[in-house]
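Counting starts at 1 for both ligands and their atoms, in listed order.
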Amino acid sequence: MNKIEAMKLAISEAQKGFGKVSPNPPVGCVVLSPDGDLISKGYHRHFGGNHAEIEALEKIEEETLKGAQVFISLEPCSYEGKTPSCAKRLAALPIAGVYYGSLDPNPRVNGAGIEILKNAGKRVTHLSECEEDAKSLIEVFSWNVSHNLPFVAGKVGITLDGHLAHSSGKSQWITGEESRKDVHLLRAQYDSVLIGKETLLLDDPSLNSRLSEYRDLENWVIVFDQKGSLLDRIDEFQISKVRDKSKILFVVDEELKHSSSIAFGCPVDSSGFFDIPELLKRIYKKGIYSILVEGGARALSSFVEQKSLHQIYCYIAPIILGGKSGINWMSDVFHTDLGSAMYLENVRHKSFGNDIRISGRTRYK
Ligand SMILES: NC(=O)c1ccc[n+]([C@@H]2O[C@H](COP(=O)([O-])OP(=O)(O)OC[C@H]3O[C@@H](n4cnc5c(N)ncnc54)[C@H](OP(=O)(O)O)[C@@H]3O)[C@@H](O)[C@H]2O)c1
């Protein structure tokens with residue numbers, strides 16, 4: 001195995017921790033012999049549990065580690081937290097060197113793990129070829145440690161002409177099976193999925209991840225319902241059949257916050273929209289560190305209007321619905337000219353069957 005293959009394997013190991021390690025980042029580790037043979041691999045399995053390095057090294061005799069190379073998707077931690085410092089543990093082993101995919105953005109680490117290894121005489125190499133993938137693994141964590149707020153992504157499946165549903169409200173299914181499978185992977189990466197009331201009524205989605213490896217995850221669901229009009233009907237919906245009700249929040253007008261155990265109050269602005277920046281502060285305090293906004297158009301547009309959507313995953317299907325018969329997914333957003341439009345950064349394209357996914361980070365003016 002060469003060093004790039006080893007780091008890619010470490011990154012795919014890290015992905016196994018999606019949905020289980022929050023608010024920690026998912027991390028994977030691979031150990032190769034001096035000849036490039038795989039000795040061991042591991043990942044951070046759950047919050048509070050062993051870090052990836054320890055998982056990978058735990059059962060290996062020190063003798064076997066002589067001259068080994070260790071590949072870690074994230075710089076090893078430098079301080080004792082819920083577990084001992086991984087950098088110190090690695091420094092004490094007879095390994096030759098460490099390759100890492102990305103620096104730890106946590107100010108308590110951010111280079112300190114590397115210093116410990118270098119001071120112990122280990123060769124430390126940043127594998128820049130894999131940095132983009134390694135960074136995208138930890139984008140929620142990076143946002144959390146630098147802003148103390150949840151990271152918010154929007155996901156939408158649209159026609160080639162920009163509609164997320166027929167004007168009758170029907171949207172199942174615009175995108176193909178492969179795209180929908182990818183959405184199940186996305187759901188596993190986010191602590192919660194948020195939808196507007198109309199989407200709950202029209203689509204009655206489950207909003208969990210149905211990939212076999214994440215089937216036992218219970219992600220949060222957040223529903224925008226100002227007047228709390230659906231609170232009494234919660235048992236009718238799929239969202240409450242696949243998760244405990246303690247993992248469901250209905251965001252309602254501040255005055256209705258005591259109307260039900262699942263009601264979560266938020267101030268409403270003069271145009272009748274929730275104050276989303278304030279909502280994000282409250283949601284973070286509740287221990288929800290990331291949100292995937294899955295629609296509909298009004299919910300998604302309001303996040304953009306309030307500059308609170310940080311990442312977009314847009315699945316585009318080769319279907320033309322026509323401007324007179326569809327709902328545009330950014331229906332409530334208005335720009336005076338092209339120059340004031342929002343552009344995405346770090347844009348990526350990926351194919352899923354006949355669909356294309358365009359994703360990127362938002363940049364607000
Ligand atoms: N293709 C896809 O990927 C996809 C995904 C999801 C949904 N859809 C489709 O989208 C359509 C629904 O979209 P939609 O835009 O009509 O409805 P929506 O966003 O699901 O729900 C709209 C309602 O939610 C509440 N709401 C949303 N954002 C709010 C905010 N910022 N502040 C306060 N309240 C807010 C409001 O209800 P109250 O004022 O009554 O509280 C609003 O009338 C459906 O046809 C669905 O099938 C498609």
Side-chain angles (χ1 to χ4, degrees), residues 152-177 179-184 186-187 193-207 221-233 237-239 249-257 259-260 262-280 282-283 291-309 312-319 321 325-333 352 355-359:
V152 187
K155 163 261 141 186
V156 68
I158 58 168
T159 63
L160 196 52
D161 51 342
H163 303 300
L164 91 176
H166 184 264
S167 41
S168 63
K170 195 160 169 41
S171 68
Q172 286 165 329
W173 301 102
I174 288 176
T175 50
E177 210 176 312
S179 295
R180 297 203 298 274
K181 197 168 166 204
D182 190 55
V183 171
H184 286 270
L186 274 188
R187 284 182 188 158
V193 173
L194 183 148
I195 55 170
K197 185 185 100 182
E198 289 304 319
T199 299
L200 180 64
L201 274 171
L202 287 161
D203 298 354
D204 190 16
S206 302
L207 303 177
V221 162
I222 304 169
V223 180
F224 275 179
D225 180 14
Q226 281 188 57
K227 310 273 178 308
S229 58
L230 300 179
L231 281 169
D232 292 342
R233 293 175 53 192
F237 299 110
Q238 290 301 326
I239 52 169
L249 296 180
F250 270 54
V251 183
V252 295
D253 191 303
E254 190 85 276
E255 287 167 13
L256 294 170
K257 67 181 174 196
S259 57
S260 152
I262 59 169
F264 192 78
C266 179
V268 173
D269 66 21
S270 54
S271 346
F273 287 104
F274 288 124
D275 177 345
I276 293 176
E278 175 59 27
L279 176 70
L280 294 183
R282 294 182 185 192
I283 279 185
I291 304 173
L292 184 66
V293 183
E294 287 210 28
R298 300 208 63 199
L300 278 163
S301 321
S302 57
F303 271 84
V304 169
E305 279 290 272
Q306 297 190 43
K307 299 185 169 53
S308 297
L309 201 67
I312 288 176
Y313 297 95
C314 184
Y315 299 80
I316 306 171
I319 304 172
L321 190 52
S325 41
I327 305 176
N328 182 280
W329 72 286
M330 280 286 117
S331 57
D332 292 350
V333 175
F352 294 95
D355 305 337
I356 292 178
R357 185 186 84 180
I358 299 185
S359 59

Close approach of Asp225 to ligand 1, heavy atoms, under 4.0 angstrom: yes

Polar-atom distance check: [X] versus ligand 1, any N or O pair below 3.5 Å?
X      : value
Ile276 : no
Lys170 : no
Thr199 : yes

So for atom [atom1], which belongs to [X], do other residues, nucleotides or ligands contribute more than 12 heavy atoms lying within a distance under 6.0 Å?
X      : atom1 : answer
Ile262 : CD1   : yes
Glu278 : CD    : yes
Glu177 : CD    : no

At a 4.0 Å threshold, what atoms of ligand 1 neighbour a non-hydrogen atom of [X]?
X      : result
Gly157 : 1 (N), 2 (C), 3 (O)
Lys155 : 3 (O)
Ser302 : 28 (N), 30 (C), 31 (N)
Ser171 : 8 (N), 9 (C), 46 (C), 47 (O), 48 (C)

Side-chain (His166) to main-chain (Ser168) donor-acceptor, under 3.5 angstrom: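 Here the side-chain-to-backbone pair exists.
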
Heavy atom under 4.0 Å from ligand 1: found in [X]'s side chain, backbone, both, or neither?
X      : answer
Leu202 : side chain
Ala299 : both
Ala165 : side chain
His166 : neither

4.0 Å protein heavy-atom contact status of atom 12 (C) of ligand 1, strictly under: yes

Starting from [atom], what is the nearest protein heavy atom, named by residue and atom, and what distance separates them?
atom                    : value
atom 46 (C) of ligand 1 : Asp203 OD2, 3.4 Å
atom 42 (C) of ligand 1 : Arg298 NH1, 3.9 Å
atom 4 (C) of ligand 1  : Leu164 CD1, 3.8 Å
atom 40 (O) of ligand 1 : Lys197 NZ, 2.7 Å

Qualifying residue, where the test is side-chain contact (heavy atoms from CB on, under 4.5 Å) with Val152 and the options are Leu194, Leu309, Ile283, Ile276: Leu309

NZ/NE/NH1/NH2 to OD/OE distance under 4.0 Å, Arg298 and Asp332: yes

Nearest-option assignment for atom 32 (N) of ligand 1, heavy atoms, candidates Phe224, Trp329, Phe274, Phe250: Phe274

From the candidates Glu198, Glu294, Gln226, the one that places a heavy atom nearest atom 21 (O) of ligand 1: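 Going through Glu198, Glu294, Gln226 one by one, Glu198 has the nearest heavy atom to atom 21 (O) of ligand 1.
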
With Tyr315, the side-chain hydrogen bond (donor to acceptor under 3.5 Å, both in side chains) member among Asp182, Thr175, Asp355: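 When side-chain hydrogen bond (donor to acceptor under 3.5 Å, both in side chains) is applied between Tyr315 and each of Asp182, Thr175, Asp355, only Asp182 qualifies.
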
Leu249 vs Val221 side-chain heavy atoms within contact, under 4.5 Å: no

